[in-house]
Amino acid sequence: AASELASIGDAQLRALVWALKERAYGALHGDLDLARRAQDRIAAAAQHARDATTREEAHAVHDWVAGALAVLQGRAADAIDLLDRAAATFSALAQSHHAASTQVPKLAALSMLGRSAEALECGQRVRDQFIAAGDEAAAGKVEVNLGSMLLHQGRAAESAPHYRQAAVR
């Protein structure tokens, strides 16, 4: 596998990294071993990138996947660190949509640690970033998360507007 990676250019490597990210995310709720293998291949791809930007992007994707896996493994603090590092790298690469997307699994990690107010604030910020980017579908998914967080806190009246917003996005 390493020899395959050494023989492809950065454009192909970047496409491979994103395909592996999609594979990992697709496996998160069914086959964690497949998700881990995809994560490992992303790390290997990052090591073979010739261009610094491609390498940084691959590392950010790796951190994103590793953070999502950490959430599912109950390692909330690790997840937050990984997801924030991915977001910072994507922001530095002027990939604001990806930076915002890394923060969606962070909502669960913050909630797992009992940091409800911070989770709500993060969710509102991410939702606003998606709206600004014109991604109403992603904003709607975050609205559902916001509504669920409030509902779990016994704040049903405050959760209802989020569910209504999600329905129209």
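Starting from 1, each residue takes its place in the sequence as its number.
- With sequence neighbours left out, the side chain to side chain contact (heavy atoms under 4.5 Å, CB included) criterion links A66 to Q39, H62, L82.
- Here S148 pairs with Y163 under the side-chain hydrogen bond (donor to acceptor under 3.5 Å, both in side chains) rule; sequence neighbours left out.
- The side-chain hydrogen bond (donor to acceptor under 3.5 Å, both in side chains) search around Q165 returns R169, not counting sequence neighbours.
- Residue pairs satisfying the salt bridge (Lys or Arg N to Asp or Glu O under 4.0 Å) criterion with at least one member in residues 105-114, sequence neighbours excluded, are listed as follows: D84-K106.
- Identified under the ring pair (Phe, Tyr, Trp, His ring centres under 6.0 Å) test for residues 100-152, with sequence neighbours left out: H97-F130.
- Apart from I131 itself, the hydrophobic cluster it occupies contains nothing, where clustering links Ile, Leu, Val, Met, Phe, Trp and Tyr at side-chain heavy-atom distances under 4.5 Å.
- Scored by the side chain to side chain contact (heavy atoms under 4.5 Å, CB included) test, H98 finds W18, W64, F90, Q95 as partners (sequence neighbours excluded).
- Taking the side chain to side chain contact (heavy atoms under 4.5 Å, CB included) definition, one finds that S116 meets it with Q153, sequence neighbours left out.
- Under the 3.5 Å distance criterion, the side-chain polar atoms of D63 are left unmatched by any main-chain donor or acceptor of L83.
- I80 belongs to a hydrophobic cluster whose remaining members, ordered by chain and number, are L110, L113; membership requires side-chain heavy atoms of ILVMFWY residues under 4.5 Å apart, directly or through intermediates.
- For S159, there are no side-chain hydrogen bond (donor to acceptor under 3.5 Å, both in side chains) partners, not counting sequence neighbours.
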Donor-acceptor contacts under 3.5 Å from residues 29-36 side chains, at least two apart:
residue, atom, partner, partner atom, Å
D31, OD1, D33, N, 3.4
D31, OD1, L34, N, 3.1
D33, OD1, R36, NH1, 2.7

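- Shown here are the side-chain hydrogen bond (donor to acceptor under 3.5 Å, both in side chains) partners of R55, two or more places apart in sequence or in another chain: there are none.
- When atom types are taken as modelled, the side chain of D10 and the backbone of L13 share no donor-acceptor pair closer than 3.5 angstrom.
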